[in-house]
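See structure below.
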Protein chains: 2
Amino acid sequence: MESRSFSIQTLQRLPYYLDYLRKVETENVSSTAVASEFGLNEVQVRKDLASVSLQAGQPRKGFATLALIRDIEDVLGYGHVDEAVIVGVGHLGTALANYSGFENYGLKIVAGFDKRVKHEEWLNDMPIFPVDRMIPIIRRLKIRLAIITVDAANAQSVCDQLVEAGTEAIWNFAPLKLRVSDDIIVHNENMACSLAVLSNHLRK
Amino acid sequence: MESRSFSIQTLQRLPYYLDYLRKVETENVSSTAVASEFGLNEVQVRKDLASVSLQAGQPRKGFATLALIRDIEDVLGYGHVDEAVIVGVGHLGTALANYSGFENYGLKIVAGFDKRVKHEEWLNDMPIFPVDRMIPIIRRLKIRLAIITVDAANAQSVCDQLVEAGTEAIWNFAPLKLRVSDDIIVHNENMACSLAVLSNHLRK
DNA sequence: ACCATATCGATATTATGTTATCGATATGGG
DNA sequence: CCCATATCGATAACATAATATCGATATGGT
């Protein structure tokens with residue numbers, strides 16, 4: 001398998017492009033059009049599209065819309081659905097579990113774990129288990145992606161258990177920086193970080 | 001007022017530093033210590049700290065912990081509380097509204113708006129108003145920061161109304177890129193973008 | 001009192017990401 | 001049939017951020 005690689009920034013722009021491409025109804029799409037839709041630089045978009053597209057763009061026409069959609073979906077892994085679990089089924093965990101949009105992104109949340117749960121419960125059609133059953137269940141389901149929505153005090157310990165159970169990627173909503181070995185990828189969705197930028201802006 | 005400016009990356013690291021500094025009990029803290037706590041580069045941390053600190057660090061000792069805490073809080077605007085509103089009180093909006101942690105970050109959510117609400121309702125001690133009362137209420141309260149948790153279809157229209165009402169910063173959880181004039185700052189907390197990085201990683 | 005060293009600030013280097021430029025090419029209009 | 005032009009790919013210039021290096025300095029240990 002030829003392993004192309006993409007910058008984080010590019011990867012983060014792809015979902016926007018995909019969204020637009022799915023709406024557009026023309027056979028071809030130009031970098032110019034995409035760029036102006038999102039207020040981005042034309043060259044940047046062209047580089048992004050060229051880097052994911054298997055077939056070259058054509059002068060004066062642009063890229064073939066359908067092929068491009070397929071290529072982006074492929075890079076993002078949509079279509080091949082990943083199964084994930086949520087640890088910490090409080091307000092935020094519930095909100096995420098209920099968020100139906102994830103299936104559009106190739107993500108299916110198949111189970112939840114919560115320390116307050118003593119016996120298996122159900123949230124809509126998703127089972128919630130006690131935390132102490134986490135490791136065996138994740139192992140059995142071969143879960144590779146986990147979402148952490150527990151509080152800061154418990155997040156690191158949960159994270160360690162997830163890694164022990166074989167999880168490869170972690171999406172962390174707890175307000176702290178998780179420490180993991182280099183082969184595990186962690187994405188921190190720390191609200192304090194986002195707020196820092198906005199808050200500092202208002203201070204001026 | 002001397003208007004120092006900080007890179008977004010630095011601003012996003014500051015909350016982590018702050019968290020650590022508050023826990024530490026020594027009179028001084030070195031960049032080295034902070035860096036090793038978070039697995040960051042020592043020089044990077046030193047540059048960050050030097051850029052926010054009003055007084056210089058001392059060789060062999062580091063920075064004065066308390067002064068540093070104060071300086072970071074100042075840059076982040078904690079202490080001076082900002083009032084914010086939430087538009088879209090669904091699962092996610094409720095989760096955010098209930099999240100008590102924001103007060104630690106100088107953010108107080110004072111009202112919500114939702115299109116399904118016809119007459120004023122209460123969520124704990126926060127009032128929820130119909131969307132059509134949004135503009136006058138935001139004007140009256142002089143709200144500068146708004147959180148958008150409506151669906152993608154309505155987000156741009158909500159955003160336009162917020163700007164019209166005088167909002168200066170927007171924290172957007174809807175999965176699309178909002179178009180605003182340059183003087184408004186938007187932070188997109190697009191789940192699809194975060195997921196893109198993780199998902200691509202698992203594909204390899 | 002002096003030396004070893006932790007830490008600092010400053011500067012230089014490297015890496016990454018964005019924007020500008022330019023020649024090539026294919027399409028549509030005169 | 002040819003020219004004007006939209007778009008491409010490639011390369012170059014620029015911007016920003018991360019890391020490495022180095023001399024200066026103050027502290028603690030001998």
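In what follows, chains carry the letters A, B, and so on, assigned in the order in which the sequence lines appear, proteins first and then strands, with residues in each chain numbered from 1.
Between B/Gln9 and the phosphate of D/dA17, there is a side-chain N or O to OP1/OP2 separation shorter than 4.0 Å.
Using a 4.0 Å cut-off between charged side-chain N and carboxylate O, B/Lys115 and B/Asp132 make no salt bridge. Between B/Glu168 and B/Lys142, no side-chain nitrogen of the basic residue sits less than 4.0 Å from a carboxylate oxygen of the acidic one, so the salt-bridge criterion is not met.
If you take CG of A/Asp48 and P of C/dT18, they are 8 Å apart, rounded to a whole angstrom. One interatomic measurement links the two molecules: NZ of A/Lys47 to P of D/dA10, which rounds to 11 Å at whole-angstrom precision. As a whole-Å value, the separation of B/Leu49 CG from C/dT7 P is 13 Å. In this structure, B/Ile8 atom CD1 and D/dA18 atom P are separated by 10 Å, rounded to whole Å. When rounded to the nearest whole Å, the span between CD of B/Gln55 and C1' of C/dC8 equals 14 Å. The CG-C1' distance, from B/Leu68 to C/dC8, rounds to 14 Å in whole Å. Nucleotide D/dA17 holds its P atom 11 Å from the CD atom of B/Gln12, rounded to whole Å.
Nearest-nucleotide mapping onto DNA chain C: of B/Pro59 and A/Ser7, the residue sitting toward the 5' end is B/Pro59. Nearest-nucleotide positions on DNA chain C for A/Thr10 and A/Gln58 put A/Thr10 closer to the 5' end.
Within residues 175-192 of chain A, no residue places a heavy atom under 4.0 Å from DNA chain D. A heavy atom closer than 4.0 Å to some atom of DNA chain D occurs in A/Ser30, A/Ser31, A/Thr32, A/Arg46, these being the qualifying members of residues 17-46 of chain A.
Proximity of a side-chain donor or acceptor of B/Arg144 to a complementary backbone N or O of A/Leu202 within less than 3.5 Å is detected. Between the side chain of A/Asp114 and the backbone N or O of A/Gly88, no donor-acceptor pair lies under 3.5 Å.
Using cut-offs of 30° and 60° for the angle between ring planes, the A/Tyr16 and A/Phe38 rings count as tilted. A/His187 and A/Trp171 have perpendicular rings, their planes meeting at more than 60° on a 0 to 90° scale where under 30° would count as parallel.
Of the inter-residue distances, the one linking A/Cys193 atom SG with B/Tyr105 atom OH reads 8.5 Å to the nearest 0.5 angstrom.
The 12-atom threshold is exceeded at CD1 of A/Ile135, counting heavy atoms of other residues, nucleotides or ligands nearer than 6.0 Å.
Side-chain rings of B/Phe102 and B/Tyr99 approach one another, their centers coming within less than 6.0 Å.
With hydrogens and angles ignored, no donor-acceptor pair under 3.5 angstrom links the side chain of B/Arg60 to the base of C/dT7.
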